[in-house]
2 protein chains.
Amino acid sequence: MNRNGLGRNKGWHRIMHGRGFRVTAPREAVLSVLEKEKTHLSAKEIYAKVIVIEPSVGLTTIYRTLEMLAEMGVINRVEIGDKTTRYEIKSNSSKHHHHIICTNCRKVIDYSEFSEEEKKLFTKMTKNIEKKYNVKITGHNVQFFGICLDCEK
Amino acid sequence: MNRNGLGRNKGWHRIMHGRGFRVTAPREAVLSVLEKEKTHLSAKEIYAKVIVIEPSVGLTTIYRTLEMLAEMGVINRVEIGDKTTRYEIKSNSSKHHHHIICTNCRKVIDYSEFSEEEKKLFTKMTKNIEKKYNVKITGHNVQFFGICLDCEK
DNA sequence: CTCCTTATTGATAACCGTTATCAATAAGAT
DNA sequence: ATCTTATTGATAACGGTTATCAATAAGGAG
């Protein structure tokens, strides 16, 4: 257990190191926050939580770290239509999922209980697209829009 | 054929009027541009094309008009990850489609040749989600990410 | 057609998320 | 312990979008 309460994640050290990145306190703090939250936070929201752990960290560093983690494939950028980029960690516990977004309050529900049928069809769609358009597909993003229970009144 | 070359679209007049909106030259010009282009333009790009038709129109009006058209359901907002909102018209000729986005050059391919299987599954997924999460689904957005032929070198 | 109400417009400034700059700092190899 | 250089934080700048407000014009009433 290091100073940030980041216990089992020494793995990051190796991954970062392997890519030639240095392991720093701000980076550990950002990972610690994302690991705990598992929800869709904006850079500002992450910043607010990070400075509790490491008060000297600047907002710029948050943006830079998020940029780096996204490039490393450790986190996903999530756009839910509220004009800011949000981030979610791709841990082994949180699988690939789709998003259900309330167009009124912008609440997000993660949807990951895919049926075998759904999984197969997405695989098939991906292959079809690759063949038909001669592209290499690296991922997909699915959003369902609607009005959540709370906003329905 | 009115002054903007907008012939068969007098329908907009009725729709706008019905909602209590006035039919103005800037609005007709924006619709004219979107109708012609059918691709994913940013507000600035639309502005550049509009001022050819109506030189006195300001950028602010473009934003306001796009906001209105989106609210009316006449156009879609499209996010392709290049930090600007893009717009596409929902004409009867351009059906519902998904997007294939090159993560390198941000080119977008529309994908609308859905198989019956795909259509059925999306309908089923929508119903499942509505039941399971108690929400009213109004639409969905699907993006496939990859590297296009040109960027593959 | 003319008048009148009020939605709409355009110029400008403000806003806000994100990024560039740059001297100071510190990770980690030697 | 030293040294190279990636990283940092403060600040300013940037770019897309929105608020402000007086001037304009759509379109209904007469």
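On a predicted model such as this, the values are computed, not experimentally measured, just so you know.
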Q: Please tell me which of B:K83 and B:G20 maps to the more 5' nucleotide of DNA chain C, matching each residue to the nucleotide holding its nearest heavy atom.
A: B:G20

Q | Note: A:E152-B:K136 ion pair, threshold 4.0 Å (strictly below) | A | no

(Q) Salt bridge or not between B:K49 and B:E37? Use side-chain N to carboxylate O under 4.0 Å. (A) yes

Q.
Could you check whether A:H98 and A:N141, counting side-chain N and O atoms only, form a donor-acceptor pair closer than 3.5 Å?
A. no

Q: Run the numbers on B:R86 and B:E45 for salt bridge (Lys or Arg N to Asp or Glu O under 4.0 Å), then give the verdict.
A: CA-CA 9 Å; B:R86 295 176 172 277; B:E45 288 165 352; 3.0 Å; yes

Q. Roughly how many Å is it from CG in B:L59 to P in C:dT12, rounded to a whole number?
A. 13 Å

(Q) I need the CD-P distance between A:E28 and C:dA27, as an integer number of Å. (A) 10 Å

Q: Taking only heavy atoms on the protein side, list every residue of residues 60-73 of chain A lying under 4.0 Å from any atom of DNA chain D, sorted numerically.
A: A:T60, A:T61, A:R64

Q.
For B:V23 and B:K44, find the nucleotide of DNA chain D closest to each by heavy atoms; which residue's nucleotide sits nearer the 5' end?
A. B:K44

Q: Check the angle between the aromatic planes of A:F144 and B:F122 and answer parallel, tilted or perpendicular using the 30° and 60° thresholds.
A: tilted

Q) Within this structure, what is the CZ-to-C1' distance between B:R77 and D:dG16, rounded to whole angstrom? A) 13 Å

Q | Smallest separation among heavy atoms of A:F114 and A:H97, with atom names | A | CZ-CA, 3.7 Å

Q.
Looking at every heavy atom in both A:R27 and A:R22, which two are closest together, and how far apart are they?
A. NH1-O, 2.7 Å

(Q) Just N and O in the side chain of B:T24: are any of them under 4.0 Å from OP1 or OP2 of C:dT9? (A) yes

Q.
Of the options D:dG9, D:dT17, C:dT6, whose atoms approach the side-chain atoms of A:V57 most closely?
A. D:dG9

Q. Whole-Å distance between D:dA25 P and B:R22 CZ?
A. 12 Å

Q) In whole angstrom, what separates B:E54's CD from C:dG10's P? A) 9 Å

Q: Could you tell me whether B:T85 contacts a base, only the sugar-phosphate backbone, or nothing, with contacts defined as non-hydrogen atoms closer than 4.0 Å?
A: sugar-phosphate

Q.
Using a heavy-atom cut-off of 4.0 Å across all strands, would you classify A:S56 as base, sugar-phosphate, or nothing?
A. sugar-phosphate

Q: Could you check B:H17 against B:Y87 and say which one's nearest nucleotide on DNA chain D is further toward the 5' end?
A: B:Y87

Q. Is any side-chain heavy atom of A:I100 less than 4.5 Å from a side-chain heavy atom of B:Y133?
A. yes

Q. Can A:K120 and A:E117 be counted as an ion pair, charged N to O under 4.0 angstrom?
A. no

Q: Note down the inter-axis angle between the two ends of the helix from C:dC1-D:dG30 to C:dT30-D:dA1, five pairs each, to the nearest 10°.
A: 40°

Q | B:H96 ring center near B:H140 ring center (under 6.0 Å) | A | yes

Q: Starting at atom CZ of A:F21, determine the distance to atom C1' of C:dG28, rounded to an integer number of angstrom.
A: 16 Å

Q: Please report, rounded to the nearest Å, how far the C1' atom of D:dG16 is from the CG atom of A:D82.
A: 15 Å

Q: Please state how far atom OH in B:Y47 lies from atom P in D:dG16, giving the value in whole angstrom units.
A: 14 Å

